[in-house]
Amino acid sequence: GAGVSQSPRYKVAKRGQDVALRCDPISGHVSLFWYQQALGQGPEFLTYFQNEAQLDKSGLPSDRFFAERPEGSVSTLKIQRTQQEDSAVYLCASSVTGALSHEQYFGPGTRLTVT
Amino acid sequence: GESVGLHLPTLSVQEGDNSIINCAYSNSASDYFIWYKQESGKGPQFIIDIRSNMDKRQGQRVTVLLNKTVKHLSLQIAATQPGDSAVYFCAENTGGFKTIFGAGTRLFVKA
């Protein structure tokens, strides 16, 4: 079946622009995670949804970052007034049950470049 | 784990040999440990996990060893193949929502 998909795959934004990154998790998966991966580093947790509820947003680096999952399926990560330090790959992952199901299925990521 | 920026630790092995990738973790409260494989341009792919009440778990061609005394985790890959070339991340979880990834090790398999 289809895995996790993300769009766009690549995004170039000028500093100060707003961007929206989309994640389509595996159908029926309860949990959805967003991560930020800088070049040459491991993914860093941003936020977690269980269905439509955002249960943990402690990893969001600033109030310019906002995530939503209004119907418990597709999720959007929005970054307002982008800065150069926001340049990274943004990964989405889903898992079939709650947080203790550790087999997370990752999408290919969106590479964001802020110029 | 400590970030090494662009210069990931690298392991180079001959095809057919066994590979051992090591990871040190810092949080003694972590109760789940996971290994992920990431190929270029792709998201991480789950390989195997282990609970803190275990010291060894085997999968297909892979074995994870956990030494809680020295907070050390290792991934052993038997009969390494060219398709195993990737960056490998260990990750830890304290039972909550947040999974903490290490900096990664790049595995090169020489044909």
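Here is how names work: the chains are called A, B, and so on, in the same order as the sequence lines, proteins then strands, and each is numbered from 1. Keep in mind that what you see is a predicted model, and the values were worked out from it rather than measured.
- Sorted by first and then second residue, the salt bridge (Lys or Arg N to Asp or Glu O under 4.0 Å) pairs with a member in residues 18-39 of chain A read A/R22-A/D24; sequence neighbours excluded.
- Classification of the A/Y48-B/F97 ring pair by plane angle, with boundaries at 30° and 60°, yields parallel.
- When the shell of 6.0 Å around NZ of B/K98 is examined, it contains more than 12 heavy atoms from other residues, nucleotides or ligands.
- The CD1 atom of B/I47 sits 11.0 Å away from the CD atom of A/E103 when rounded to the nearest 0.5 Å.
- The same ILVMFWY cluster, assembled from side-chain heavy atoms under 4.5 Å apart, contains both A/V19 and A/L77.
- When the side chains of ILVMFWY residues are joined at heavy-atom separations under 4.5 Å, either directly or via intervening members, B/L107 and B/W35 end up in a single hydrophobic cluster.
- Closest approach of A/R9 to B/G41, counting heavy atoms only: NH2-O, 3.3 Å.
- Between B/I100 atom CD1 and A/E44 atom CD the span is 8.0 Å, to the nearest 0.5 Å.
- With ring centers used as reference points, B/F46 lies 6.0 Å or more from A/F106.
- At a 4.5 Å heavy-atom cutoff, the contact between B/Q38 and chain A is made by side-chain atoms alone.
- Heavy-atom pairs under 4.5 Å with chain B peak, among A/C92, A/A93, A/G42, at A/G42.
- A/Q104 has its side chain within reach of B/T99: a pair of non-hydrogen atoms, C-beta onward, lies under 4.5 Å apart.
- Qualifying ring pair (Phe, Tyr, Trp, His ring centres under 6.0 Å) partners for B/Y88, counting only residues two or more places apart in sequence or in other chains: none.
- Inspection of non-hydrogen atoms places A/G107, A/P108 of residues 107-115 of chain A under 4.5 Å from chain B.
- A/F33 and A/L46 fall into different hydrophobic clusters, where Ile, Leu, Val, Met, Phe, Trp and Tyr side chains are chained together by heavy-atom contacts under 4.5 Å.
- The cluster map of Ile, Leu, Val, Met, Phe, Trp and Tyr, joined by side-chain heavy atoms under 4.5 Å apart, puts B/Y36 and A/V4 in different clusters.
- Of the two parts of A/L91, only the side chain, counted from C-beta on, holds a non-hydrogen atom closer than 4.5 Å to a non-hydrogen atom of chain B.
- Residue pairs that meet the side-chain hydrogen bond (donor to acceptor under 3.5 Å, both in side chains) test with at least one member in residues 11-23 of chain B, sequence neighbours left out, are B/S19-B/T80, B/N22-B/H72.
- Contact of the A/Y35 side chain with the B/F101 side chain is registered, since non-hydrogen atoms from C-beta on lie closer than 4.5 Å.
- Within the 4.5 angstrom heavy-atom criterion, no atom of A/Y105 approaches chain B.
- Of the two parts of A/Q37, only the side chain, counted from C-beta on, holds a non-hydrogen atom closer than 4.5 Å to a non-hydrogen atom of chain B.
- Hydrophobic clustering, with ILVMFWY side chains joined whenever heavy atoms are under 4.5 angstrom apart, keeps A/I26 apart from A/V96.
- In this structure, the portion of B/K42 lying under 4.5 Å from any heavy atom of chain A is its backbone and not its side chain.
- Other residues, nucleotides and ligands contribute over 12 non-hydrogen atoms within 6.0 Å of the CD atom of A/E85.
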